[in-house]
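Below: one structure, written as structure tokens.
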Amino acid sequence: MTVNAEVSDALLITEAAAHKVHKLVEEEGNERLMLRVFVTGGGCSGFQYGFTFDDDVADDDTIIRQEGSTFLIDSLSVQYLHGSTVNYKEGLDGSRFSIENPAAETTCGCGSSFSM
């Protein structure tokens, strides 16, 4: 299922995140690469966010295209990410993709795990 980022409530993508993905894909020289955003069990709060580059789309993936970049969410993760925002931040503590999840009841200090 392809979803336009402007109308998707599955996952919102900031301009900074979309531009960083586009830049990383260009550096790899593989225009088929997409950023897969997913949730797994684990982490100090119960669930953990994950990011990986993928060049395969599964039949049940949600596909979001924005600013020349493509993001994938598997069918199990989409329920936990619904309404969340993916951002890319650079600062003194390093650079990373992050997720702001309004449905998370608690999060850990580093922001990479959460509970619902």
Side-chain angles (χ1 to χ4, degrees):
M1 165 166 102
T2 300
V3 179
N4 183 327
E6 284 71 33
V7 298
S8 171
D9 58 0
L11 190 65
L12 303 172
I13 311 294
T14 66
E15 188 175 311
H19 285 197
K20 185 61 177 183
V21 168
H22 185 72
K23 183 178 178 180
L24 291 170
V25 168
E26 279 184 340
E27 288 174 6
E28 285 297 314
N30 180 356
E31 292 186 17
R32 293 189 41 165
L33 288 177
M34 301 159 275
L35 186 67
R36 181 172 295 282
V37 182
F38 60 93
V39 173
T40 60
C44 52
S45 294
F47 295 102
Q48 191 167 347
Y49 300 116
F51 302 93
T52 187
F53 279 98
D54 200 340
D55 59 5
D56 252 351
V57 177
D59 291 337
D60 61 350
D61 278 344
T62 297
I63 304 168
I64 301 171
R65 300 183 202 291
Q66 184 170 332
E67 307 279 335
S69 298
T70 304
F71 297 78
L72 304 173
I73 312 169
D74 64 81
S75 62
L76 294 174
S77 296
V78 75
Q79 64 187 320
Y80 299 107
L81 293 169
H82 185 80
S84 296
T85 301
V86 174
N87 193 12
Y88 180 77
K89 299 177 186 178
E90 292 182 1
L92 294 176
D93 58 346
S95 57
R96 64 185 175 99
F97 288 99
S98 65
I99 295 182
E100 294 176 27
N101 188 340
E105 293 175 3
T106 59
T107 59
C108 68
C110 68
S112 66
S113 69
F114 67 101
S115 67
M116 298 185 98

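Positions are given from 1, in the same order as the sequence printed here. All values derive from a computational prediction rather than experimental measurement.
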**Item:** Nearest heavy-atom neighbours spanning N101 and S84
**Value:**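 Reported closest heavy-atom pair: CG-OG, 3.1 Å.
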**Asked** Nearest heavy-atom pair of V25 and L33: which atoms, and what distance?
**Response**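 Nearest pair, atom of V25 first, then L33: CG2-O, 3.7 Å.
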**Asked** Quick one: do Y49 and L24 end up in the same hydrophobic cluster if we chain Ile, Leu, Val, Met, Phe, Trp and Tyr together by side-chain heavy atoms under 4.5 Å apart?
**Response**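 Yes, same cluster.
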**Item:** Minimum side-chain heavy-atom gap F97-N87 below 4.5 Å
**Value:** no
**Asked** Do the side chains of T14 and L12 get nearer than 4.5 Å, heavy atoms only?
**Response**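 No. Closest side-chain heavy atoms not under 4.5 Å.
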Side chain to side chain donor-acceptor pair (under 3.5 Å) with [X]: which residues, sequence neighbours excluded?
| X | value |
| --- | --- |
| S98 | none |
| T85 | none |
| D55 | none |
| S95 | Y88 |

**Request:** Determine, step by step, whether L35 and F53 satisfy the side-chain contact (heavy atoms from CB on, under 4.5 Å) criterion, reporting the C-alpha distance in whole Å, the side-chain angles of both residues, the deciding distance to 0.1 Å, and the verdict.
**Result:** CA-CA 5 Å; L35 186 67; F53 279 98; 4.1 Å; yes
**Prompt:** In Å and rounded to the nearest 0.5 Å, what is the CG to CG distance from D56 to L72?
**Reply:** 9.5 Å
**Prompt:** Pairs in or reaching into residues 22-36: which pass salt bridge (Lys or Arg N to Asp or Glu O under 4.0 Å), with residues at least two apart or in two chains?
**Reply:** R36-D54, R36-D61
**Asked** Considering residues at least two apart in sequence or located in another chain, which fulfil the ring-ring contact (aromatic ring centres under 6.0 Å, His included) criterion with F38?
**Response** none
**Message:** Using the side chain to side chain contact (heavy atoms under 4.5 Å, CB included) criterion, which residues pair with S69? Sequence neighbours excluded.
**Reply:**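 S69 satisfies side chain to side chain contact (heavy atoms under 4.5 Å, CB included) with A18, V21, H22, F71 once adjacent residues are dropped.
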